[in-house]
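Computation of the quantities below employed the complete heavy-atom set of this structure, encompassing side-chain atoms and omitting hydrogens, waters and symmetry-equivalent molecules. Protein chains get the first letters and strands the later ones, always in sequence-line order, with residue 1 at the start of each. Note that the structure is a prediction, hence the values are computed from the model and not measured.
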Amino acid sequence: MAMSKISLRKCNGILSISSFHISYSYFSSYSRSSKVKGRVVLNFEKLKCLDDAVTLFHQMVRMKPLPSVVDFSKLFKTMTSMKHYSPVLSLFRQMRKLGIPIDGFILNSVINSYCLMHRADFGFSVLPIYLKNGIPFNNVTFTTLIRGIFAENKVKDAVELFKKLVREKICVPDEIMYATVMSGLSKRGHTQKTLSLLRLMEQGNTQPDIYMYNIVIDALCKDGNLDAAINILNEMKQKGIHPDILTYNSLIDGLCKLGQWEKVKTLFSEMVNLNMYPDVRTFTILTDGLCKEGKVEDAEEVMKHMVEKGVEPNVITYNVIMDGYCLRGQLDRARRIFDILIDKGIEPDIFSYNILINGYCKKKKLSKAMQLFREISKKGSKPNIVTYNTILQGLFEVGRIGVAKQLFVEMVSTGPVPNLSIYHTLLDGYFKYRLVEEAMSLFNKLEGKKENIDITSYNIIINGLSKNGELDKAHAIFQKLSSIGLLPDVRIYTTMITGFCLQGLLDEAKDMLRKMEGNNCLPDNVTYNVIVQGYLRCRKINEMVTFMKEMTGRGFSFDTTTTELLVNAISENPSVVDMLPELHAEIKK
DNA sequence: ATAGGGTTAG
């Protein structure tokens, strides 16, 4: 049987079949030729860009005999992995028009493309095509849809579909479907539901495997629930399911974040004893844990150690170290690390830039930050939403409003689509510089598109208005919150209380505190400090003492500002001390 | 033969 190997070279329209180079015109006659028989082997790995894929598709549909549906599936898969989702759909439409046979594999691919475009609804609209063509649905079809629904954060819908499939016996969920549901739940913070599903599986016919255990353990670790995570670890061991490097990496990460270094050591030795070698992620987790505690030197030791063990640090390892130095304000050190990374031939990624830019912004070195910002595009990369947010915050911080506005305009025209964080930065910035009208006009625009606003946005507005002498307006907005279905949270109550205190309206502040408790929203440390500060500033010591007792009774304490105000009040009028027997020892210090 | 799943960094 004659077999020809066809590959596409770059986008230049030249095909090579075996060792021959032929042009399109030749190829056309080839495809008309009835002499060529047997299967044509298409090489999809050589496809470099969308054009390659589309060109190949057009060649494929002209081939006689037509390539098998398997080849079309492979082409779609290649395109999907290049993130060209919508072209997959247009090619699929062309296949349908040309009457090219389809199967369940290709339909699942089409659904996956829709899902990856965050259009699971269109994914569902593919289902009738299965029915019309007598193609059965299978677990892949539904798993793909469930994953797509989760990707749109529609947790309830995803779970409902899964339950319906089980309840109505439309399919028998396999390991992958369970893992997909569990991963979808765990990534969105539903750890208990994830755990419940694991328990449900244990009772059924499909036993959980290492994947499910890893998902559950990782979710528990991310919640800081290490005791539960370690219990699950022991359970799986007992069942004869061996933990793998992912299990250990999740656990070590959780323990590092809790600062439980002794337990980190124990688990680290345990994995080594099991002949499981710590990988670049393990070491990066340790590096990160140390950096977050300010122990960057120790982190650098870990990096040396890993190199000795033959594990090469990657860009993330270096990023973690850079961030460690930035957190300590050692920008020069961070910039060395950056240069070392480049020296080693490792490409800095957008995180590397964001870390350094953030470091410079925190030090108010905006020209350095901007310089790096411009470098990103020159190096062929693109600033992302975090980059813009960091720079915008930095610019507002140093009062360069004009440049900030310019940058925002630039972002709207060429950058990533602004998200809520960006708008919050702008609103905060405008209020900070008393640009109340600008802030409010932006806010009104955002309010028009309801999905673009949340309780934090209102917090910024209420805070901004009350700090700019518009307490009444702030209060009015606060009062309409419940009518638009937003429940005030502790932060927003505290903002209102702060506003009242700043105007010396202490009765209103007190009423608000009682009101929040009535609404089952308990004041926190900040709330109490704010109200105590209000009374201290007005030298209303008796009332202050009432709240002081209340807050200490609830386990809260004075912050530095409150303490300072108290010290001032005492130095002004030493008899204040007599009213504070509980604090005598503290005050003497 | 071709379609769906788990870990680290801002």
Side-chain angles (χ1 to χ4, degrees), chain A residues 39 41-42 44 67-78 80-81 88 102-113 115-116 123 135 137-148 150 171 173-184 186-187 194 208-219 221-222 243-254 256-257 278-289 291-292 313-324 326-327 348-359 361 383-387 389-390:
Chain A
R39 247 182 64 213
V41 176
L42 299 157
F44 297 95
S68 73
V69 68
V70 175
D71 286 317
F72 286 101
S73 282
K74 281 181 177 171
L75 178 66
F76 283 12
K77 166 84 174 174
T78 307
T80 305
S81 58
V88 167
I102 53 166
D103 67 358
F105 286 82
I106 208 144
L107 288 177
N108 287 340
S109 250
V110 169
I111 293 185
N112 195 30
S113 292
C115 288
L116 291 168
I135 298 167
F137 307 133
N138 60 19
N139 278 359
V140 180
T141 319
F142 296 119
T143 303
T144 307
L145 282 168
I146 290 173
R147 195 168 118 87
F150 270 122
C171 65
D174 58 11
E175 286 85 351
I176 297 182
M177 193 180 285
Y178 274 110
T180 304
V181 176
M182 290 172 71
S183 150
S186 73
K187 274 187 195 143
T194 313
D209 62 16
I210 181 76
Y211 286 101
M212 289 69 159
Y213 281 105
N214 280 347
I215 293 169
V216 170
I217 288 177
D218 186 61
C221 288
K222 289 219 161 60
D244 63 8
I245 188 146
L246 276 76
T247 324
Y248 282 100
N249 282 350
S250 290
L251 288 163
I252 290 175
D253 186 50
C256 282
K257 292 206 160 78
D279 64 4
V280 61
R281 290 169 195 264
T282 321
F283 286 114
T284 303
I285 290 164
L286 295 174
T287 307
D288 186 47
C291 284
K292 291 280 164 8
N314 63 16
V315 64
I316 301 176
T317 325
Y318 283 101
N319 284 348
V320 163
I321 301 259
M322 277 197 330
D323 199 39
C326 284
L327 284 171
D349 65 9
I350 192 64
F351 286 84
S352 325
Y353 284 103
N354 288 350
I355 290 165
L356 263 190
I357 288 174
N358 186 46
C361 284
N384 66 11
I385 199 98
V386 176
T387 326
N389 205 19
T390 308

Base, sugar-phosphate, or nothing for A/Asp323, non-hydrogen atoms under 4.0 angstrom?
sugar-phosphate
With sugar-phosphate meaning primed atoms plus P, OP1 and OP2, does A/Asn249 contact a base, only sugar-phosphate, or nothing at under 4.0 Å between heavy atoms?
base
In chain order, what residues pass the side chain to side chain donor-acceptor pair (under 3.5 Å) check against A/Asn112, with sequence neighbours excluded?
none
So, A/Asp103 side chain and A/Ile106 main chain: donor-acceptor pair closer than 3.5 Å or not?
yes
May I ask you to verify whether the side chain of A/Asp349 and the base of B/dG10 hold a donor-acceptor pair under 3.5 Å?
no
NA contact type, A/Asn358, heavy-atom cut-off 4.0 Å: base, sugar-phosphate, or nothing?
nothing
Would you kindly give the CG-to-P distance between A/Leu327 and B/dG10, to the nearest whole Å?
9 Å
Compare the minimum distances between each of B/dT2, B/dG4, B/dG6 and the side chain of A/Lys74, then state the nucleotide with the smallest one.
B/dT2
Ignoring hydrogens and geometry beyond distance, is the side chain of A/Thr143 in donor-acceptor contact with the base of B/dG4 at under 3.5 Å?
yes
Go through the steps for A/Asp349 and A/Asn319 under the test side chain to side chain donor-acceptor pair (under 3.5 Å), then give the verdict.
CA-CA 9 Å; A/Asp349 65 9; A/Asn319 284 348; 3.1 Å; yes
Is it the case that B/dG4 (base atoms only) and A/Asn138 (side chain only) share a donor and an acceptor within less than 3.5 Å, ignoring hydrogens and angles?
no
Residue list, ring-ring contact (aromatic ring centres under 6.0 Å, His included) with A/Tyr211, at least two apart or on another chain:
none
Describe the nucleic acid contact of A/Ile350 in one word from base, sugar-phosphate, nothing, applying a heavy-atom distance below 4.0 Å.
base
Base B/dA3 paired with A/Asp103 side chain (donor-acceptor, <3.5 Å):
no
Once you apply a heavy-atom cut-off of 4.0 Å, does A/Asn389 come out as touching a base, just sugar-phosphate, or nothing?
nothing
Considering only heavy side-chain atoms of A/Asp218, the closest of B/dA9, B/dT7, B/dA3 is B/dT7
Of the listed nucleotides B/dG6, B/dT2, B/dA9, the one nearest the side chain of A/Asn319
B/dA9
Options B/dG4, B/dG10, B/dG5, nucleotide nearest the side-chain atoms of A/Met212
B/dG5
